[in-house]
Amino acid sequence: MFRTFIFQNFIDWIDRISFLRKRKTRRISFQLLFLGFLGLIIWYFVSKALQLDLGFSHLNSRAGFGLSHTFFIDYSSNDSRWKAYFTGVINTIRICSLGILLTTILGTIMGVARLSSNFLISRISALYIEILRNTPLLVQIVFWQIVFLKLPQISNAITTGGYTAISNRGILIPWIEANPKFDIFFAIVVIAILISIFLKVFLNRREEEKGQKLYSNFIPLIMFFGISLLGLLFTGIPFNWNIPSVAQNEFGTYMQSGGFELSPEFLALLFALVLYTGTFVTEIVRGSIQSLPKGQTEAALALGFSSYQRIILVILPQALRSIIPPLTNQYLNLTKNSSLAVVIAYPDLFMVTRTIINNSGHALPMFFVVLFTYLSLSLIISLIMNLLNRQVTKVRV
Amino acid sequence: MDVVKERGELKCGVNDNLTGFGVVMPDGSFEGFDIDYCKAIAAAILGDSSKVEYVPLTASARFTALGSGEIDVLIRNTTWTASRDRELAQDFTATTFYDGQGMMVYADSGYKTIEDMSGATVCVLQGTTTELNLDDRFTKSGIPYTPLTFETNDPLQAAFEEKRCDGWTTDKSGLASKRAEFPASAGGPDALVVLAETLSKEPLGPLTRDNDSEFYDVVQWVVFGMMQAEESGINSSNVSSMAANPKDPGMARLLGVGFDGGEVQDFQFGIPKDFMQKVISQVGNYGEVYDRHLVPLGLTREGSFNALWTDGGLIYAPPFR
């Protein structure tokens, strides 16, 4: 009894004076230990990395290699490695932006079609999903490359009445080029847009005040096209057609020129990415529509909406709330998967960087550059989609 | 090198798709000129030429594989250049084959020289000196061209067969092997010509990692030993009788035996003194390896850089003494 008393007092005494026994002390000391350990590991990696040459100065030297696809940037092998890298970035952005746009359209149409009461349409959509979702993307990319290589060879290019040039060197379509009249026309179009917006706001306000229908979409649209058409008559046609052609030069090499060029590599990558990612978007759209209460459809039917109005005005706006977050994931997937371009000779960011690595040997810093670039692209997409999501979910239901 | 001995197997980075140099056979085994050097090194270090694990590598992945230690030695038609030797921190041991970049075009295209190829599209492999030489050549003459850069040979060949590109450039040895096996459906070998012009010097040979001088020396002297063996007239069929009764002290030193009952000279490579005997009996000398793999491709040896120095070529081994 006495001993227990002594012991208890001893512990109390220890507790009072020894901060080592305090629970808080223990917690903090464990965390400090962990942090110290983590710090050691980081220090180890950093010191290892510092032994390597982490500089980016080699990016200033002459690139020395050509690129088959240069878009927007006028790159030649005499330019620096930086410029080669930016050409790759532009090529990646080009494929991703077009891919995301087409994927969204395809996915929405197929998602709605999947739920169609028409047996044929819903089966086509189901077949599309099951085939393309269940085969590897890499295989699909190579498949499309071979498909596009089976287009006629350039010596037998299809020139539909002299307006296109379709061969396995590329599909060239007629394109428009601005001529000197374009500036005036452009100014008129800007004015037309401003007037239309003003009109739209004005009509909307009147509609709310008077409570009668004033065609607040239709009238500004007519106004816009009316002014633009008048401007067109005033300036004359502000574009020239750029018609593609194929011709042999003095050495017998077939050269294609003019028009807008879609190379087989670009098309193969685009087709594969859009069709593959489209299956996932289709499922997202279908799932989101199905998650809406059936009463929404029934209410729209009861109000006498047409099937088009029902989808556009009632179903899709509500479905968008649950579509956007998973859709963002698919956009990011598409962007990241575009790095498979290296297989079929499309010079995207990753391929150009790997060429630079092979020529210079600075693998680690260049991989940091690649990772950073993809990260930036992904974060930009996420940012845009989050802003969109905020817009869509502004109104609580 | 101790790692190799301990593992009991040599990890050799090779090409699996270049007939004559390194190619996978239908039964999964590897065969070719470069492959035989893997075998020779394994025979020298481990005493058995079959103790090799072949790691097929793409042109752009090969240096990373060697640098990371995934393979011990890289023997994959790789060109010796200053930047690779220094910047990539890897060592070239010796030149096994003197190659040069060429251009292959369709015979019906009418191209006679590279100067004719204005505006042409050229298929080339990514991450190779070939890509850079190609650009140098066209830039020098001020000729416009479009490079189509592939990562691997198969999609490149698919594109070339469909005439997606007008020319195909790589080392002439590679072009010869690709031409020899060009499918009949696309016209067969006769539909193609390799232009006479050589765009570059391309000495090919095995590489090891920097700062592994013991292993480096072994690889280097196995290569030299095979050249010396040919020069001395030792081949796989007569090596045992030569070892039993060497004709001169030089031959005795090469084969790691004593001359006329004398002492054996030990070069202290850290491997058995008679390593060249094993190499020659299991793989052969330089000429045998060349005849086995490269002569069938139409790469004749007489008059080329790859003849022995005594025949006016560049194949020359420093003395074994």
Side-chain angles (χ1 to χ4, degrees), chain A residues 52-53 58 62-70 76-78 141-142 145-146 148-156 167-170 247-257 263-265 268 340-347 350-363 367, chain B residues 58-64 67-68 81 83-84 86-90 108-113 115-136 138-139 143-152 154-156 158-167:
Chain A
L52 299 164
D53 180 11
H58 71 92
R62 182 179 181 273
F65 58 89
L67 291 175
S68 54
H69 296 64
T70 53
S76 84
S77 59
N78 259 337
I141 291 177
V142 176
Q145 185 219 7
I146 291 168
F148 282 107
L149 282 177
K150 290 293 175 197
L151 286 172
Q153 291 171 1
I154 192 159
S155 47
N156 308 315
S167 72
N168 65 7
R169 296 282 172 94
Q248 276 180 297
N249 69 8
E250 68 259 48
F251 301 108
T253 311
Y254 283 93
M255 310 271 287
Q256 46 186 20
S257 58
S263 74
E265 292 77 29
L340 290 172
V342 71
V343 190
I344 55 162
Y346 180 73
F350 187 44
M351 172 167 157
V352 174
T353 322
R354 280 178 56 172
T355 305
I356 295 174
I357 291 173
N358 259 293
N359 293 342
S360 71
H362 296 272
F367 267 103
Chain B
T58 61
S60 56
R62 53 189 164 178
F63 301 116
T64 323
S68 67
T81 69
S83 67
R84 284 176 177 174
R86 189 58 226 148
E87 285 189 62
L88 292 173
Q90 284 159 8
D108 60 11
S109 68
Y111 296 134
K112 294 280 173 270
T113 67
E115 303 286 334
D116 293 345
M117 297 187 71
S118 175
T121 306
V122 182
C123 280
V124 60
L125 274 192
Q126 183 211 1
T128 56
T129 46
T130 324
E131 197 183 352
L132 302 175
N133 294 331
L134 171 72
D135 190 77
D136 282 359
F138 277 85
T139 308
I143 315 173
Y145 80 108
T146 309
L148 203 61
T149 320
F150 287 87
E151 193 195 19
T152 51
D154 290 334
L156 189 154
F160 186 69
E161 281 173 21
E162 297 293 340
K163 296 196 180 176
R164 170 71 180 89
C165 28
D166 301 298

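By convention in this document, chain letters (A, B, ...) are assigned in the order of the sequence lines, proteins followed by strands, and residues within each chain are numbered from 1. No experiment lies behind these values; they were computed from the predicted model shown.
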Item checked: Region of A:N168 that comes under 4.5 Å of a non-hydrogen atom in chain B ->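 The answer is both parts of A:N168.
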Item checked: Part of A:S167 within contact of chain B (heavy atom distance under 4.5 Å) ->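 Contact with chain B involves no heavy atom of A:S167 at all.
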Shortest non-hydrogen contact between [X] and [Y], atoms and distance:
X      : Y      : value
A:T253 : B:D116 : OG1-O, 4.0 Å
A:L67  : B:P147 : N-CG, 3.8 Å
A:A345 : B:L148 : CB-CG, 4.1 Å
A:F251 : B:Y111 : O-CE2, 4.1 Å

So which of [options] has the biggest tally of heavy-atom pairs under 4.5 Å with chain A?
options                : value
B:G110, B:C165, B:S109 : B:C165
B:S118, B:A120, B:G119 : B:S118
B:L132, B:T146, B:L134 : B:L132

What part of [X] gets within 4.5 angstrom of chain A, counting heavy atoms only: side chain, backbone, both, or neither?
X      : answer
B:A59  : backbone
B:D154 : neither
B:F138 : neither

Checklist line | Among A:Q153, A:Q145, A:R169, the one residue meeting side chain to side chain contact (heavy atoms under 4.5 Å, CB included) with B:R164 | finding: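 When A:Q153, A:Q145, A:R169 are each tested with B:R164, the side chain to side chain contact (heavy atoms under 4.5 Å, CB included) holds only for A:R169.
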Check: Is the shortest heavy-atom distance from the side chain of A:N358 to the side chain of B:E131 under 4.5 Å?
Finding: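 Sidechains of B:E131 and A:N358: no contact.
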Checklist line | side chain to side chain contact (heavy atoms under 4.5 Å, CB included) against A:S77, all qualifying residues, sequence neighbours excluded | finding: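 Testing A:S77 for side chain to side chain contact (heavy atoms under 4.5 Å, CB included), a comparison that skips the adjacent residues, returns A:R62, B:D135, B:T139.
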Taking atom [atom1] of [X] and atom [atom2] of [Y], what is their separation to the nearest 0.5 Å?
X      : Y      : atom1 : atom2 : result
B:T64  : A:R354 : OG1   : CZ    : 8.0 Å
A:L149 : B:K163 : CG    : NZ    : 14.0 Å
B:M117 : A:N249 : CE    : CG    : 11.0 Å

